[in-house]
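Atoms within each ligand, like the ligands themselves, are counted from 1 in listed order. In this chain, numbering begins with 1 at the start of the sequence shown.
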Amino acid sequence: MERQQHRADVVIVGSGYGGSIAALRLAEAGVDAVLLERGRRWPVDDAGDTFATQTAPDGRAAWLSETSPLTDAKLDVYTGVLEFVEGSGMNVLAGTGVGGASLATNGTMCEPSPELFRQTLGDVLDHREMTERWYPQARELIGCAPIPDDIYHSEFYRSARSFADQLDKAGIPWTKVDLAVDWDVVREEMAGTRVRSQIDGLNVFGVNSGAQRSLDRTLLARAEASGHIDVRPLSVVTAVHPVDGGDGTAGYHVDYETIDERGEVRAHHRVTATRLILSAGTLGTNRLLLRAKQSGALPALHDALGTRVGNSEVITARTGMAENNPRQGGPAAIFAQDWKENPLGPVSLLNFPWPDAPEGEGWTTTIGAVPAPALGAFRYDPDKDDVVLHWPADDPALARAQSAITHTLDRLNEANTGTRTAFSRIGTTGGNVCGGVPLGTVTDDAGRVSGYRGLYVVDGSLLPGTGVPPALTVAAVAARVTSLLVDDLVRP
Ligand SMILES: Cc1cc2nc3c(=O)[nH]c(=O)nc-3n(C[C@H](O)[C@H](O)[C@H](O)COP(=O)(O)OP(=O)(O)OC[C@H]3O[C@@H](n4cnc5c(N)ncnc54)[C@H](O)[C@@H]3O)c2cc1C
């Protein structure tokens, strides 16, 4: 198949929080860019059947795989919304599609406390600058709000209220978390004028009602409307290398394949760009850069590439409380902040819905988060021609993080007679994995890749974990890095 050649001023790879914010800021500055996204578009319409659901899973749930850890069903092979990659000690779950992981997240937007921030990001970012400028900007860009009272007190959110009661009994503080949700659409779901999605907890493969404020429908849509951003879906970037093997001064070749929705390659392309922004997410950016270092395309990349990978996510389930099924409205609501009383570390718990929780007794499923040292590392595996995440699960510091979560769960169980922990495990899904391209080491503090010119990273791979779910911090850092990047691009 002959390769098609193109040129562009700027190429962005990936359309998650990093890529979308970069695209919007470039568009606002009048800079033209091509955005290559491996996944498809997911337009939500009145038919209410854009995404697979947990109750009727199909290939739309997984990226080119017959299996997913989130369902037992055998799937048709399709360019679905979540890629799952097994690692050594920790797996990775990564969003795909125009809008990245925002299509299929719980949408919780959590800002770490000053102490949590200090523990995880304090050596690379200034907390005051982030909290005064970039977190508010990220919140505004995403558009998020906590669950309104009328919805919270409806029958669909009984499990969220049950969790809040349990926390009160255990004396653990909580707030209502900011969510990237359009609550008016949730009201329409309740009124029966939209397909039931959030109110039935059917959100893990995407939200058919349109209640998710995913990036393709918000800030990326604004970027595209400007006419400056050319989004090319189903375009899988396979390699990046500097023109003439140099340091990027002459630009970059970006090789990509256009595929159909079954993953069949339709054409090979090479686009040559003056500047290249990698926003392929933690998995995707580590893949591209580690492959490029391995192949000799980008030999000057810092040796710390692939390191400082963190994941604070622990999936937990408790049962034995008063019956709070069968409906468990989502995506979340309650943000428990056991940040002061836990001697093993500041623990956060966010409830999330379990749409088909067994009936008969109540269930509370949560995502737990605790700051843990970023001891994971992506390494290139030549047999797979892919990266593998190595996670030293037996390291005492990581075991301690898991114990901190157990401590919070135990106190909840003690204060709520009859309740017990059904399971609590780290590393099974890994949607919150961050790092591998440490800000300030592999890049400077503005995301410029050290050793190369005109090569930037703008995504979760810059962060060594955040101690709370990372999306808001990824977006805040993307806003910060992109403002510096735009200065670079428009400077004469
Ligand atoms: C199931 C799930 C639920 C989550 N829930 C929450 C939550 O509730 N709260 C929270 O704070 N965080 C949550 N997270 C984490 C959060 O979504 C991520 O931290 C965030 O999306 C990271 O943004 P990003 O820009 O780094 O990358 P992503 O959003 O992952 O976007 C990267 C994009 O790059 C594309 N890409 C990758 N490789 C290539 C390639 N070679 N060529 C072209 N395109 C490519 C991908 O398809 C994807 O669209 C969740 C993650 C998952 C997977």
Hey, is ligand 1 close enough to [X] that some N/O pair sits below 3.5 Å?
X: Asp459; result: no
X: Gly39; result: no
X: Gly460; result: yes
X: Gly19; result: no
X: Asn432; result: yes

Do any heavy atoms of Ala475 fall under 4.0 Å from ligand 1?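 No, Ala475 has no heavy atom closer than 4.0 Å to ligand 1.
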Can you find a non-hydrogen atom of Ser15 under 4.0 Å from ligand 1?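 Under 4.0 Å: yes for Ser15.
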Are the charged groups of [X] and [Y] less than 4.0 angstrom apart, N to O?
X: Glu261; Y: Arg41; result: no
X: Asp182; Y: Arg213; result: no
X: Arg262; Y: Asp260; result: no
X: Arg379; Y: Asp386; result: no
X: Arg118; Y: Asp123; result: no

Would you confirm whether any non-hydrogen atom of the protein falls under 4.0 Å from atom 51 (C) of ligand 1?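 Yes, because at least one protein heavy atom sits under 4.0 Å from atom 51 (C) of ligand 1.
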Considering only heavy atoms, which of [options] lies nearest to [atom]?
atom: atom 6 (C) of ligand 1; options: Leu179, Leu288, Thr105; answer: Thr105
atom: atom 22 (C) of ligand 1; options: Val474, Val477, Leu36; answer: Val474
atom: atom 39 (C) of ligand 1; options: Arg291, Arg38, Glu37; answer: Arg38

State, yes or no, whether a side-chain contact exists between Val85 and Leu283 at a heavy-atom distance under 4.5 Å.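 Val85 reaches Leu283 side chain to side chain.
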Atom 16 (C) of ligand 1: which protein heavy atom is closest, and how many Å away?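 Result: Ala471 CB, 4.1 Å.
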Measuring from Trp391:CH2 to Asn311:CG, what's the distance to the nearest 0.5 Å?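 Atom-to-atom, Trp391:CH2 and Asn311:CG are 5.5 Å apart.
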